[in-house]
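Data block below; observations after.
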Amino acid sequence: MARRPLPRILSSSSASVARSRELARTAADSATDVLHPLITISRGLRKLAAAGRARWSATPKDKRGPALFLAGAVVLVVALIPYGPLLALITVMAAAAWKGHERAPVQTGPAPEQTERLQSLYEALVPYFSVPEDPDPLFAHGGEWDTSFSEYAFDDSGRPSRLLIRYPAYFPDGEAPSRARIEQLLSAKSGRGREYRFDWDEEGNQLVMTVLDALPTTIAAQRFVTAPGETVLGFTDADAVPRTVPVQAGDDAYDATPVIWRTGPRSTEPHLLVVGQPGSGTTTLLRSIVLQALQDGDVLIAEGTGTGEYACFTGRTGVLAVECGLSGALAGLEWAAAETERRLVSANRARQAGQPTPDDTRRPLWIVLDRPSVFGHLAAADGRTDPQQLLQVPLRHGRAANVTVVVAEQFDTWDTLSESVRAHTRARAVLGPAVPEEVACVLGAPPHTTPTPGVPPGRGYARLGAGQVMRLQVPVTPDPYDDATGEAHRQAVLELLPERCVPVDEQLSDEQPSQDPVSAEG
């Protein structure tokens with residue numbers, strides 16, 4: 001079909017608009033060129049007037065009379081001499097034109113105090129980045145810092161916030177002790193109390209030091225936008241993962257970068273291990289995980305501390321049991337092991353018959369064990385089975401049975417964890433203050449940042465399988481029954497809790513805990 005031409009008024013309108021814009025732009029440029037001297041003189045007159053007002057304000061009151069008399073005498077003399085007013089006008093216009101052309105000098109390099117700081121860093125690195133055999137060293141005593149520091153930036157306090165360092169090729173940047181010495185020196189010379197990230201480019205012989213901003217600590221427990229099988233452990237740096245989720249932090253709403261842990265049959269890290277110091281936020285992380293798991297799964301909680309940190313989950317829909325005693329924990333974990341085996345058998349039979357797996361095997365089952373070392377000590381004193389031994393079946397076959405195990409322990413009892421727990425918990429988190437050696441012992445790799453002396457609760461590192469070590473800040477999920485909890489955080493947790501299915505006064509005691517998960521399953 002042949003195209004009909006547009007009407008002339010429509011086809012020519014865009015061209016006329018373009019010509020009109022071009023004419024207006026040309027007229028504006030011409031007016032600016034013509035009026036540029038007038039604009040310059042006007043700017044100069046404003047500056048001269050401002051300088052005169054400032055000078056008059058700074059003049060003492062007892063000297064203002066003589067100053068006015070002297071100014072009047074000068075004006076009278078200028079008015080009486082031949083061509084005096086014309087010469088005065090020319091002089092004022094020339095001064096205004098000169099003053100109007102003045103511009104603030106643009107600083108093209110670092111300030112003197114910044115230069116001194118860069119030179120100090122350069123001199124401190126000389127013993128590490130130089131050898132006597134080098135005929136043309138990059139680092140030498142008395143040398144210039146700009147030959148090695150190609151990029152730099154400073155914060156408002158005058159301390160370096162970013163630095164790109166070129167170092168010689170013979171420096172052993174592949175050895176961890178050598179790199180650690182450089183990182184420790186730079187973090188000490190650049191300012192303590194901040195967290196630094198060091199990116200080593202071994203191929204290009206370059207080191208980038210960056211000061212990291214503190215992770216947000218105002219994100220409280222809430223419904224996160226995630227897919228089934230995804231759990232938000234916390235939040236990390238913006239460039240760590242290519243994903244964001246909308247969050248609400250007080251009255252502010254923005255997109256934050258989450259650390260997503262994926263569980264289920266297709267997960268490569270189906271179980272989680274959390275290690276930290278007392279008060280570091282391990283229990284807070286477990287509470288946050290339980291709140292997210294209860295959206296579409298069942299949870300069995302065993303608390304070794306016995307302080308009632310999980311009392312808010314008692315009697316809630318989806319919570320099979322909350323055990324604080326040894327007997328209850330053993331009974332609950334025995335049931336969990338039997339339930340894992342039952343799910344495996346049921347799913348296997350369904351697959352052999354060419355049928356989909358039953359619904360009761362597809363609903364996620366979470367086993368949350370806080371401080372198993374306490375249960376192990378009590379079991380050894382009483383001659384009973386260590387609860388960690390009962391975790392072998394859920395840990396080994398939990399991925400196929402849709403069973404997830406979450407274990408939290410402290411650094412001082414880290415060595416009491418069984419080999420099964422250490423071998424099958426490939427998703428790990430370290431919370432609280434810890435030296436790089438402790439972080440590397442738990443996560444299998446050292447952190448890429450320098451730890452700070454004091455960290456807020458819930459602050460640490462996370463590593464999922466063989467991935468990179470990421471900074472982590474756990475959402476604020478306190479115990480709503482604690483008197484020290486703020487009202488806003490208390491309400492945030494209470495709103496996420498499921499409804500009660502059993503009254504609290506009808507809950508089984510710790511002496512008969514094994515009937516709770518069994519009855520819930522039945």
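Computation of the quantities below employed the complete heavy-atom set of this structure, encompassing side-chain atoms and omitting hydrogens, waters and symmetry-equivalent molecules.
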Are E495 and R223 close enough, and set up right, to give a salt bridge (Lys or Arg N to Asp or Glu O under 4.0 Å), and what steps lead you there?
CA-CA 10 Å; E495 290 176 359; R223 293 293 183 205; over 6 Å; no

Please assess D255 against V245 for the test side chain to side chain contact (heavy atoms under 4.5 Å, CB included), listing each intermediate value before the final yes or no. CA-CA 5 Å; D255 292 339; V245 295; over 6 Å; no

- Task: Applying side chain to side chain contact (heavy atoms under 4.5 Å, CB included), run through R192 and S187 and close with a yes or a no.
- Result: CA-CA 6 Å; R192 299 183 183 274; S187 59; over 6 Å; no

Q. When you look at T282 and S280, which way does the side chain to side chain donor-acceptor pair (under 3.5 Å) test go after all the steps?
A. CA-CA 6 Å; T282 56; S280 59; 4.7 Å; no

Check: S190 and L121: side chain to side chain contact (heavy atoms under 4.5 Å, CB included), yes or no, with the steps?
Finding: CA-CA 8 Å; S190 300; L121 283 174; 4.1 Å; yes

*Check the pair E202, R179 against side chain to side chain contact (heavy atoms under 4.5 Å, CB included), reporting the backbone distance first and the verdict last.*
CA-CA 11 Å; E202 300 180 12; R179 296 166 61 153; 2.9 Å; yes

Practice prompt. Could you please spell out the steps behind the side chain to side chain donor-acceptor pair (under 3.5 Å) verdict for Y170 and D134?
Written response: CA-CA 10 Å; Y170 52 76; D134 191 352; 2.9 Å; yes

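Dense packing is recorded around CZ of R490, with more than 12 heavy atoms of other residues, nucleotides or ligands lying under 6.0 Å away. Within a 6.0 Å sphere centred on CD of Q248, other residues, nucleotides and ligands contribute more than 12 heavy atoms. Counted within 6.0 Å of CD on E116, heavy atoms from surrounding residues, nucleotides or ligands total 12 or fewer; the atom is thus considered open. Taking a 6.0 Å sphere around CD of E487, one finds it holds more than 12 heavy atoms contributed by other residues, nucleotides or ligands.
Contact check for L186 versus Y196: no side-chain heavy atoms found under the 4.5 Å cut-off. Side-chain contact check for L138 versus F129: every heavy-atom pair is 4.5 Å or farther apart. Looking only at side-chain heavy atoms (C-beta outward), I301 and V290 come within less than 4.5 Å of each other. Using a 4.5 Å heavy-atom threshold, the side chains of P480 and T485 count as separate. In this structure the side chain of V493 reaches within 4.5 angstrom of the side chain of T477, judged on heavy atoms. Using a 4.5 Å heavy-atom cutoff, the side chains of D155 and V211 are not in contact. Residues M470 and Q468 are in side-chain contact: their nearest non-hydrogen atoms beyond the backbone lie under 4.5 Å apart. V368 places none of its side-chain heavy atoms less than 4.5 Å from the side chain of D370.
With sequence neighbours excluded, the residues forming a side-chain contact (heavy atoms from CB on, under 4.5 Å) with T217 are P456, Q473, listed by chain and number. With sequence neighbours left out, F198 forms a ring-ring contact (aromatic ring centres under 6.0 Å, His included) with no residue at all. Residues passing the side-chain contact (heavy atoms from CB on, under 4.5 Å) test with D201 are E203, Q206, sequence neighbours excluded.
Not a single donor-acceptor pair under 3.5 Å links the side chain of R459 to the backbone N or O of L215. Panel note: side chain E230, backbone A227; a donor-acceptor pair is recorded below 3.5 Å. A distance-only check finds a donor-acceptor pair linking the side chain of Y122 to the backbone of A140 [under 3.5 Å]. Side-chain N or O atoms of T244 include none that pairs as donor or acceptor with a backbone N or O of A256 at under 3.5 Å. Looking at H448, its side chain does come within 3.5 Å of a backbone N or O of V469 through a donor-acceptor pair. Not one N or O on the side chain of S288 forms a donor-acceptor pair closer than 3.5 Å with the backbone of T284. Within the 3.5 Å criterion, the main-chain N or O of E303 finds no donor-acceptor partner in the side chain of R371. Proximity of a side-chain donor or acceptor of Q277 to a complementary backbone N or O of Q410 within less than 3.5 Å is not detected.
Pairing each heavy atom of P457 with each of G279, the nearest pair is CB-O, 4.1 Å. Scanning both residues, V259 and A462, for their nearest heavy atoms gives CG1-CB, 4.4 Å. Taking all atoms of both residues into account, the shortest heavy-atom contact from A169 to N205 is CB-ND2, 3.5 Å. Residues W261 and H271 come closest through the heavy atom pair CZ2-C, 3.7 Å. Residues V474 and L285 share a closest heavy-atom pair of CG1-CA, 3.7 Å. Between R463 and G467, the shortest heavy-atom distance links the atoms NE-O, 2.7 Å.
Separating the CD1 atom in I260 from the CG atom in L233 is a distance of 8.0 Å, to the nearest 0.5 Å. Atoms CZ and OH, on R471 and Y461 in that order, are 7.5 Å from each other to the nearest 0.5 Å. To the nearest 0.5 Å, the span separating CD on Q222 from CD on Q292 amounts to 10.0 Å. Note that OG1 of T210 is 9.5 Å distant from CG of L164, once rounded to the nearest 0.5 Å. Here the OG1-CG distance, from T257 to D239, works out to 8.0 Å after rounding to the nearest 0.5 Å. In this structure, OG on S267 lies 9.0 Å from CG on L464, to the nearest 0.5 angstrom.
Two rings, from W145 and F139, have their centers 6.0 Å or more apart. For an aromatic pair to be called close, the ring centres must be under 6.0 Å apart, and F235 with F224 satisfies this.
Donor-acceptor pairing under 3.5 Å is lacking for the side chains of R117 and S120.
Under the side chain to side chain donor-acceptor pair (under 3.5 Å) test applied with T449, the options E183, R197, E195 reduce to a single match, E195. With V430 as reference, L443 is the one residue of V274, L273, L443 to meet the side-chain contact (heavy atoms from CB on, under 4.5 Å) rule.
Comment: E309 engages R287 in a salt bridge, judged by a side-chain N to carboxylate O separation of less than 4.0 angstrom. Of the charged side-chain nitrogens involved, none lies within less than 4.0 Å of a carboxylate oxygen, so that E499 and R316 do not count as a salt-bridged pair.
Using a 30° and 60° split on the angle between ring planes, F171 and W200 fall in the parallel class, below 30°.
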